[in-house]
Amino acid sequence: MESVRAYLNSPMGPKTTHFWGPMANWGFVISGMMDTKKPPDAISGNMTAVLCIYSMLCMRFAWMVRPRNHMLLACHAANESVQLYQLSRWLRYRNFQPKEEAAASD
């Protein structure tokens with residue numbers, strides 16, 4: 001019981017934003033994973049690139065902040081992976097579609 005109480009009152013426990021921030025950010029990861037089932041023409045290249053940069057910056061923040069926030073780091077590493085996969089799908093779609101389709105979609 002003492003270890004549970006120590007966790008609840010710790011700087012990384014559920015009473016802090018160090019806990020609830022990463023928990024909320026897992027929504028990005030889940031959403032990105034759900035979007036892998038969508039066709040690549042539905043992917044926004046700009047938004048996906050922004051999410052990649054956002055997760056990269058947040059990973060650095062999670063590593064540099066004291067106390068280190070490993071849960072936030074894991075969340076953004078997972079999001080970076082999902083968004084890079086989505087970006088690769090979008091780039092393959094944009095680069096390998098026939099020229100007349102490319103002109104129509106721009």
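Excluded from the calculations below are hydrogen atoms, water molecules and symmetry mates; all remaining heavy atoms, backbone and side chain alike, are included.
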**Study point:** Pairing residues for Asn79 by the side-chain hydrogen bond (donor to acceptor under 3.5 Å, both in side chains) criterion, not counting sequence neighbours
**Key:** Ser55, Gln83
Hydrophobic cluster membership, with links at side-chain heavy-atom distances under 4.5 Å among I/L/V/M/F/W/Y: are [X] and [Y] in one?
{"X": "Phe96", "Y": "Leu91", "answer": "no"}
{"X": "Met71", "Y": "Trp20", "answer": "yes"}
{"X": "Leu73", "Y": "Met64", "answer": "yes"}
{"X": "Phe28", "Y": "Met47", "answer": "yes"}

Measure the [atom1]-[atom2] distance between [X] and [Y] for me, rounded to the nearest 0.5 Å.
{"X": "Cys75", "Y": "His70", "atom1": "SG", "atom2": "NE2", "value": "14.5 Å"}
{"X": "Thr48", "Y": "Asp35", "atom1": "OG1", "atom2": "CG", "value": "8.0 Å"}
{"X": "Arg89", "Y": "Asp41", "atom1": "CZ", "atom2": "CG", "value": "9.5 Å"}
{"X": "Leu57", "Y": "Cys52", "atom1": "CG", "atom2": "SG", "value": "11.5 Å"}
{"X": "Ile43", "Y": "Arg92", "atom1": "CD1", "atom2": "CZ", "value": "9.0 Å"}

Check your understanding: Between His76 and Tyr54, does a ring pair (Phe, Tyr, Trp, His ring centres under 6.0 Å) hold up when you go through it step by step?
Key -> CA-CA 9 Å; His76 283 292; Tyr54 163 75; 5.2 Å; yes
Practice item. Decide if atom CE of Met33 counts as having more than 12 heavy atoms of other residues, nucleotides or ligands within a radius under 6.0 Å. Key: no
Check your understanding: How about Arg60: does its CZ atom have over 12 heavy atoms from other parts shown lying under 6.0 Å from it?
Key -> no
Review point. Between Ser88 and Tyr85, is there a donor-acceptor pair closer than 3.5 Å when you use the side chain of the first and the backbone of the second?
Key: yes
**Study point:** Ser81 side chain vs Ala77 backbone, donor-acceptor pair below 3.5 Å
**Key:** yes
Test item: [X] and [Y] side chains (from C-beta on) under 4.5 Å apart, heavy atoms:
{"X": "Lys15", "Y": "Asn9", "value": "yes"}
{"X": "Leu72", "Y": "Asn25", "value": "yes"}
{"X": "Trp90", "Y": "Gln86", "value": "no"}

